[in-house]
Number of protein chains: 2
Amino acid sequence: MITNVATFKALGDPTRQQILAMLAGRDMTIGEVVDHFDMTRAGVKKHMKLLEAGRLISVKADGRERINSLNREGFKSVMQWVSYFDQFWDDKLDALASLVEQEEQK
Amino acid sequence: MITNVATFKALGDPTRQQILAMLAGRDMTIGEVVDHFDMTRAGVKKHMKLLEAGRLISVKADGRERINSLNREGFKSVMQWVSYFDQFWDDKLDALASLVEQEEQK
DNA sequence: GACATATGAAACCAAAAGGTACTACATAAG
DNA sequence: CTTATGTAGTACCTTTTGGTTTCATATGTC
């Protein structure tokens with residue numbers, strides 16, 4: 001319940017969200033990603049590193065190229081963390097239901 | 001597909017995640033939240049502001065106190081954004097299934 | 001009214017993040 | 001072998017962020 005911080009941090013940037021959307025279309029090398037942005041290769045590389053740290057992408061070497069693809073782990077981790085709070089909303093609704101019942105009995 | 005950045009940014013910090021967990025237990029004033037941290041009131045206040053910007057909490061005035069509670073909107077927004085990528089995984093699995101079929105036909 | 005308490009906001013500071021330029025290395029192609 | 005391409009890494013700069021201190025305001029309490 002603490003390591004997902006890297007994942008959320010990675011998601012808290014519009015550029016990185018865009019990169020993820022692109023990778024949902026197809027796997028890409030950093031070079032290909034760079035072509036879609038007005039930014040240095042080194043700049044993009046930094047974003048990729050953060051995405052990888054958040055386990056949102058994974059990299060596979062192929063010759064001198066590195067293929068970047070979406071990594072399900074990060075997404076799963078986000079889903080799980082947020083799901084933890086579902087219980088909270090359920091309880092709230094239960095409490096609300098009880099209140100309504102009490103009101104009706106008056 | 002861009003404003004949820006504030007929400008993810010708010011979630012990308014361990015202190016703020018802790019605060020959310022506390023508020024899942026019960027609603028709290030800033031003062032009560034401060035008691036659980038080794039941090040200045042102003043410091044906590046800043047975190048609360050970011051959580052509010054991410055629509056993860058909402059504030060209700062009560063006399064001189066301000067009651068902070070979880071706000072479902074931010075959580076819903078996260079769920080929705082991540083769900084967008086579900087399609088990706090589904091397609092991947094479909095493609096994998098096709099591959100397996102082709103292999104079996106050989 | 002005088003005083004305590006709960007809060008908001010601004011000024012300031014150190015550290016982290018977003019970005020660039022530059023260097024170096026590995027692989028592909030002539 | 002030489003050259004071009006795809007990449008990683010470091011040094012550096014500027015902006016943002018996490019945090020404190022300080023001041024001002026609004027509501028409760030005696």
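Computed from heavy atoms alone, side chains included, the values below leave out hydrogens, waters and symmetry copies. Here is how names work: the chains are called A, B, and so on, in the same order as the sequence lines, proteins then strands, and each is numbered from 1.
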Please report the distance, rounded to the nearest Å, between [atom1] in [X] and [atom2] in [N].
X	N	atom1	atom2	answer
A:Ile67	D:dT7	CD1	C1'	12 Å
A:Lys49	D:dA8	NZ	P	9 Å
B:Lys60	D:dT27	NZ	C1'	17 Å
A:Met28	D:dG6	CE	P	14 Å
A:Glu32	D:dT5	CD	P	15 Å
B:Glu65	C:dT7	CD	P	6 Å
B:Phe37	D:dT20	CZ	C1'	17 Å
A:Met48	D:dG6	CE	C1'	13 Å

Check: Just checking, is any N or O donor in the side chain of B:Gln17 or A:Asn4 under 3.5 Å from an acceptor N or O on the other one?
Finding: yes
Check: Could you write nucleotides 18-30 of chain C as a row of B, S and -, 5' to 3', where a protein heavy atom under 4.0 Å of any base atom gives B, of only sugar-phosphate atoms gives S, and otherwise -?
Finding: BBBB-----BS--
Next item on the list: Just say parallel, tilted or perpendicular for the rings of B:Trp81 and A:Phe75, cut-offs at 30° and 60°.
Entry: parallel
Check: Are A:Met79 and B:Tyr84 co-members of a hydrophobic cluster defined by side-chain heavy atoms under 4.5 Å apart?
Finding: yes
Next item on the list: Report whether B:Met48 and A:Phe85 are members of the same hydrophobic cluster (ILVMFWY, side-chain heavy atoms less than 4.5 Å apart, transitive linking).
Entry: yes
Note to self: Could you work out how much the helix from C:dG1-D:dC30 to C:dG30-D:dC1 bends, comparing the axis of its first five pairs with that of its last five, to 10°?
What the structure shows: 20°
Next item on the list: Compare every heavy atom of B:Met22 with every heavy atom of B:Val33, then report the nearest pair and how far apart it is.
Entry: CA-CE, 3.9 Å
Next item on the list: Any chance you could lay out the side-chain contact (heavy atoms from CB on, under 4.5 Å) test for B:Leu11 and A:Lys9, step after step, and finish with the verdict?
Entry: CA-CA 7 Å; B:Leu11 288 172; A:Lys9 205 170 282 187; over 6 Å; no
